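Quick notes on the structure that follows.
Note that these values count all heavy atoms, side chains included, but never hydrogens, waters or copies made by symmetry. No experiment lies behind these values; they were computed from the predicted model shown. Here is how names work: the chains are called A, B, and so on, in the same order as the sequence lines, proteins then strands, and each is numbered from 1.
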Amino acid sequence: MDNITLAQGIVKAAALLGAGMCMGMGALGPGVGEGFVAGKACEGIARSPENASLITRTMLVGQAVSESTGIYSLVIALLLIFST
Amino acid sequence: MELSVEYIRIAAYLGAGISVGLGAITTGIGSGIIAGEGALGVMRQPKANDQLFRTMLIGQAAAQTAGIFALVISMLLIYGGFDITEGGWYRAAALLAAGLAMGIGAFGPSLGAGYSGGEACKSVARMPKHGNAIMGNMLIGQALSQTSAIFALVVALLLLYSVPNQPIGLSVGKILLKSISLIGAGMAIGLGTIGPGAGIGYVAGKANDMMGKFPKERSKIMRTMFLGAAVSESTAIYSLVVAFLLIFAV
Amino acid sequence: MTKKKSPILKIFIFFIIIETALVFVSSGFNKQLQIGFDDGKFVFRNIQSHYDLQEKITEEFQIDEYYRQNGETPKIYGSNKTYEFFKNIFGKTTAIGTFQLLRMLLIVDILLLFIALLIKKKLLKRPSQPQILFEMVYTALEQFVTETLGKEKVNFTPYIVTLFLFIWVSNMIGMIPIPGFMEPTRNLNVPLGLGILAVSIVHITAIKVKGVWGHLKNYVNPVKNPLFLLDIIGEISKVVSISFRLFGNILGGAIIITVVSSLVSYVVLPVGLILFFGLFVGTIQAFVFTMLALTYIGVEISE
């Protein structure tokens with residue numbers, strides 16, 4: 001892969017920059033969202049500590065769902081790095 | 001396609017400016033939030049003045065960690081001996097990317113740490129009796145939200161110190177590809193830490209708030225905070241993986 | 001506040017003193033930092049050049065790559081015979097890193113076994129201080145298990161305690177500043193193995209509780225769950241996130257400690273950094289890994 005033409009280089013470079021931007025921006029939303037879920041879960045546990053394990057479970061499932069867009073970004077970034 | 005040393009120096013200085021300039025934005029905002037809540041707290045509870053003042057100062061110091069990381073990176077870029085090294089386009093791109101990574105990467109963590117410290121000041125004003133426990137929790141929460149800044153610092157240090165010199169006689173396309181991939185790595189970890197940093201800060205802030213309202217549930221709140229913060233961090237970890245791949249596997 | 005110092009505080013102070021002394025001794029007071037004015041320009045740099053640090057990072061974190069570049073016989077084996085042996089098993093390029101990893105894993109295992117035998121030998125009705133410490137850890141984790149999984153699933157406690165103690169000791173062992181000592185968790189293979197183990201146990205438990213079809217219908221039922229393929233990616237991402245979280249935190253701490261201690265010539269800061277990354281981050285990551293492994297089981301078997 002050491003001797004590629006300029007055009008191939010530009011295409012691959014665009015894919016790699018795209019991968020970086022994709023994962024970077026894709027991590028923005030899920031990060032804030034999961035943090036919001038966990039913050040509210042803290043509040044809930046403080047208000048009704050007897051339901052702690054239920055609240056923790058709901059928190060984890062909710063976070064797993066809101067993380068899915070982050071996983072899409074990861075998949076796309078890996079595809080851009082390895083398959084172009 | 002060779003590159004003269006001046007261009008590497010230009011990249012280093014540009015990276016240094018970007019790093020501390022962008023990194024200072026939310027560090028200032030975060031410290032300001034803590035100071036504002038501290039002042040409000042003194043208004044509500046003048047008797048707890050000393051304790052509030054202490055919480056405020058320690059919180060501000062911890063909230064500025066990410067800004068200090070950015071300062072360290074820019075000092076390294078200016079005085080770290082990069083004015084004498086060679087290394088071609090690879091080095092220039094890596095230095096610029098290190099500045100970008102740490103500069104943008106300081107955004108979220110310092111905002112989050114600021115929110116967490118602000119809520120802690122509010123809580124201390126509400127319950128001065130439990131001030132020490134709240135302050136301990138505030139420090140732990142801020143340390144958790146700085147984890148993503150630490151990831152950005154790691155990538156910046158790796159970009160500074162583990163990118164090899166550009167071999168002689170490569171084609172233009174290959175040089176372009178590798179240089180752009182280094183900048184992509186910087187952007188990935190820089191942008192990727194904003195969300196998790198702010199999110200973990202929100203978790204820690206809520207935990208501090210609730211610790212002031214329900215001091216008896218301390219251990220349960222802390223446990224949930226740890227779990228929630230760790231899970232919110234996972235997107236920052238995906239960004240770290242992508243950045244490592246872009247640095248080492250391309 | 002009581003006047004008497006608590007034992008944990010005593011241990012902590014003792015630890016700081018030992019750590020400081022060890023860092024000073026191991027560094028040999030080397031003065032490599034140059035601060036001041038040179039030629040009218042402010043200078044803040046190591047006398048060792050940029051390339052020295054680069055080489056050090058390569059040696060510390062990509063040891064196979066380092067020996068491949070330099071082409072010398074690895075020193076850590078002691079003799080050529082052991083090197084040949086490992087080279088025949090693992091191949092030339094990965095032999096060195098694997099050897100280092102296996103050595104550290106062996107040290108961690110022997111340490112844990114030794115502590116366990118020592119505690120078991122002296123089990124008392126009125127417990128000694130180390131026994132209290134370990135009983136505290138065990139009871140706390142047992143309480144988490146009963147809270148998350150219910151009283152009838154308390155037999156998960158030994159697994160959880162083992163996981164916690166193994167990861168915790170692994171993270172702690174890098175704090176000992178002996179050359180060549182490293183956290184086994186710094187190598188990606190260990191966290192990845194632990195993550196695969198943890199998620200496998202989640203699914204095995206779910207199959208045991210709900211039956212094979214009862215568990216699988218969450219994943220392969222297109223009517224109820226049209227995005228089932230994404231659920232499978234989600235399961236894989238569980239492994240990725242749980243293991244890379246441990247790996248990234250420990251490796252990040254190690255890289256920062258190496259770079260900073262090389263920059264400030266081992267004076268004061270590394271002790272604080274080592275304590276932060278070793279004690280604080282190490283303990284939190286061990287706790288988080290264990291709790292996530294536990295809560296994933298709880299989520300699966302509750303539905």
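The residue among L246(B), I200(B), I194(B) with the most heavy atom pairs within less than 4.5 Å of chain A is L246(B). Of the residues considered (A14(A), G24(A), G9(A)), G24(A) shows the highest number of contacts with chain B, using heavy-atom pairs under 4.5 Å. Counting heavy-atom pairs under 4.5 Å between each of R218(B), K220(B), M187(B), K178(B) and chain A puts K220(B) at the top. Ranked by non-hydrogen atom pairs under 4.5 Å with chain B, the options A27(A), A38(A), C22(A), A64(A) are led by A27(A).
Using a 4.5 Å heavy-atom cutoff, the side chains of R47(A) and M210(B) are in contact. Using a 4.5 Å cut-off on side-chain heavy atoms (C-beta onward), Y202(B) and K40(A) make contact. By the 4.5 Å heavy-atom criterion applied to side chains, E34(A) and V231(B) are counted as neighbours.
What you find for E217(B) and A46(A) is that their closest heavy atoms are CG-O, 3.9 Å. Nearest heavy atom pair, residue S181(B) against residue L16(A), reads CB-CD1, 3.5 Å. Here the closest non-hydrogen pair linking V242(B) and A77(A) is CG2-CB, 4.1 Å.
With a threshold of 4.5 angstrom between heavy atoms, L78(A) approaches chain B through side-chain atoms but not through N, CA, C or O. Contact annotation for T56(A): only side-chain heavy atoms (C-beta onward) come within less than 4.5 Å of a heavy atom of chain B. Heavy atoms closer than 4.5 Å to chain B are found in both the backbone and the side chain of L6(A). Heavy atoms of M59(A) lying under 4.5 Å from chain B belong exclusively to its side chain. If you measure heavy-atom distances from I221(B) to chain A, the contacts under 4.5 Å come from both the backbone and the side chain. Within the 4.5 angstrom heavy-atom criterion, only side-chain atoms of I81(A), from C-beta onward, approach chain B. In this structure, no portion of Q8(A) lies under 4.5 Å from any heavy atom of chain B.
Here L245(B) contributes atom CG and M23(A) contributes atom CE; the two are 11.5 Å apart, rounded to the nearest 0.5 Å. Interatomic distance, CG of L28(A) versus CZ of F107(B), reported as 10.5 Å (0.5 Å rounding).
Crowding of K213(B) atom NZ: a count of heavy atoms from other residues, nucleotides or ligands under 6.0 Å exceeding 12.
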